[in-house]
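Presented below is the structure to which this report refers.
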Amino acid sequence: MMVNDAMQVFERSKENPIIRVSDIPYPANSVFNAAATEFKNEILLLMRVEDRRGISHFTTATSRNGVTDWTIGETPVMKPCLQAHEEEQWGIEDPRITYLPETKKWIIAYTAYSKFGPMVALALTEDFVSFERLGAVMPPVNKDAALFPVRFNGRWAMIHRPVSPYDGAHIWISFSPDLIHWGEHHVLVEARSRPWWDSAKVGLSPQPIRTDEGWLILYHGVKTTAAGSIYRNGLALLDLEKPTKLIARSDEWVFSPEEEYERTGDVDNVVFPCGWMEQDNNIRIYYGSADSCIATASASKTSLLAWLRNHNSLIK
Ligand code: BMA
């Protein structure tokens, strides 16, 4: 393979950034880290909007082609609900959406930013207008969660990222009979040691996608440098029947901040996908860019899997 083969895997849209804060029809600081799903024959983004206090909420954007002509909600669709959910005191952030065919509902895993730190919270919806909150399901510090669309041996599975004061920030998987009580915790993807690109922390990016070769995972890896953090993305595969089993993990990153809108913003050097869409053989990611705007890039599923096969650090 060529030296810079990763640059050929994801192709950025020429329309980038596809959504900026100036597109939000009310005063806000920034719009970024958006979940994505298909809803009523359109692509729906559930976008994190940070207001001018620094507190985040969610607003929707919909488009037929998923790249241009977005219809953006006039008002937030989901705001922190302090009366019933004190854990949302400092806002709600970074949603990921999974459609659960068994329930005919979408489940949203998001960060409830409590004064004790970030927690994983879940909400169900049928229409992206009203949301049934299941509450905080993981104590702090924990975020970067998404569910699988199916049960395994009768149990739902969720990937998440607890931070241990003992040993850093790694990606875990847990199981639940009812979406509320979670157990059977296993570590899935560990942050590597310095000076790797994913040494400071790792966390799941969008929801897992089922492929013939396994559950495809896009995760973010952080490297801490003298100039600050760099957020990049790598790929991994989990066993289809036994998702606790990691079967591939990329040695290199597959996507990294390069363009000016990724290099410079409220937080420099961040690409942070929270959503991706699969259509035929195409996978399109939606990512927050420098914590300031939303951008998109796409790749063929075949090329992602081939790249991962060539870069699988688990096969020496
Ligand atoms: C992570 C999350 C993301 C954010 C990223 C870069 O820890 O808080 O919401 O995009 O940092 O600032």
Side-chain angles (χ1 to χ4, degrees), residues 16-17 19-21 28-36 45-51 53-59 78 80 87-97 108-121 136 138 140-146 159-165 168-172 189 191 197-207 218-225 227-234 253 255-259 261-276 285-297:
N16 279 349
I19 300 177
R20 306 166 191 258
V21 70
N29 172 61
S30 50
V31 55
F32 52 120
N33 305 355
L45 301 184
L46 191 63
M47 308 183 293
R48 171 176 173 191
V49 177
E50 188 184 286
D51 70 20
R53 299 170 301 167
I55 311 272
S56 294
H57 58 263
F58 302 150
T59 290
M78 193 170 164
E87 69 274 7
E88 297 182 2
Q89 184 174 7
W90 289 347
I92 53 176
E93 304 182 349
D94 302 355
R96 277 82 166 180
I97 301 173
I108 299 148
Y110 61 99
T111 302
Y113 196 175
S114 84
K115 67 177 181 180
F116 302 106
M119 306 173 78
V120 174
M138 290 285 173
V141 171
N142 202 324
K143 54 160 88 172
D144 299 325
I159 297 178
H160 56 106
R161 207 286 305 279
V163 178
S164 149
H170 313 287
I171 299 176
W172 289 67
V189 180
W197 64 273
D198 52 359
S199 53
K201 38 184 176 173
V202 289
L204 181 71
S205 278
Q207 71 281 12
L218 185 67
Y219 72 95
H220 55 270
V222 184
K223 174 165 174 155
T224 312
T225 76
S229 298
I230 309 175
Y231 279 72
R232 301 183 173 108
N233 307 132
W253 65 80
F255 196 63
S256 159
E258 285 167 19
E259 299 293 331
Y261 53 87
E262 299 161 353
R263 288 286 189 189
T264 312
D266 272 6
V267 183
D268 293 352
N269 295 316
V270 178
V271 287
F272 202 91
C274 285
W276 59 1
I285 56 170
Y286 293 93
Y287 60 99
S289 204
D291 283 12
S292 296
C293 56
I294 296 175
T296 182

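The figures here come from the full heavy-atom set of this structure, side chains too, leaving out hydrogens, waters and symmetry mates. Ligands are counted one by one from 1 in listed order, and the atoms in each one are counted from 1 as well.
- Annotation: atom 1 (C) of ligand 1 to nearest protein heavy atom, Tyr231 OH, 3.5 Å.
- Proximity to Phe272 (heavy-atom distance under 4.0 Å) selects the following atoms of ligand 1: 3 (C), 10 (O).
- Pro140 is linked by a side-chain contact (heavy atoms from CB on, under 4.5 Å) to Phe116, Met119, counting only residues two or more places apart in sequence or in another chain.
- Contact of the Asn233 side chain with the Phe272 side chain is not registered, since no non-hydrogen atoms from C-beta on lie closer than 4.5 Å.
- Listed by number with element, the atoms of ligand 1 under 4.0 angstrom from any heavy atom of Val267 are 12 (O).
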- prompt: Under the ring-ring contact (aromatic ring centres under 6.0 Å, His included) criterion, do Tyr287 and Phe255 qualify, and how do the steps go?
  reply: CA-CA 11 Å; Tyr287 60 99; Phe255 196 63; 5.0 Å; yes
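- Contact annotation: Arg48 has at least one heavy atom less than 4.0 Å from an atom of ligand 1.
- Residue Asp94 approaches ligand 1 through these ligand atoms, each under 4.0 Å from one of its heavy atoms: 2 (C), 3 (C), 9 (O).
- To the nearest 0.5 Å, the span separating CG on Asp144 from CD on Glu93 amounts to 10.5 Å.
- At under 3.5 Å, a nitrogen or oxygen of Lys143, whether backbone or side chain, sits near a nitrogen or oxygen of ligand 1.
- Listed by chain and residue number, Ala146, Ile159, Ile217 satisfy the side-chain contact (heavy atoms from CB on, under 4.5 Å) test with Leu204 (two or more places apart in sequence, or in another chain).
- The protein non-hydrogen atom at the shortest distance from atom 10 (O) of ligand 1 is Asp291 OD1, 2.6 Å.
- Contacts between Thr111 and ligand 1 below 4.0 angstrom, taking non-hydrogen atoms only, are absent altogether.
- In this structure, the separation between NE2 on His220 and NZ on Lys201 is 7.0 Å, given to the nearest 0.5 Å.
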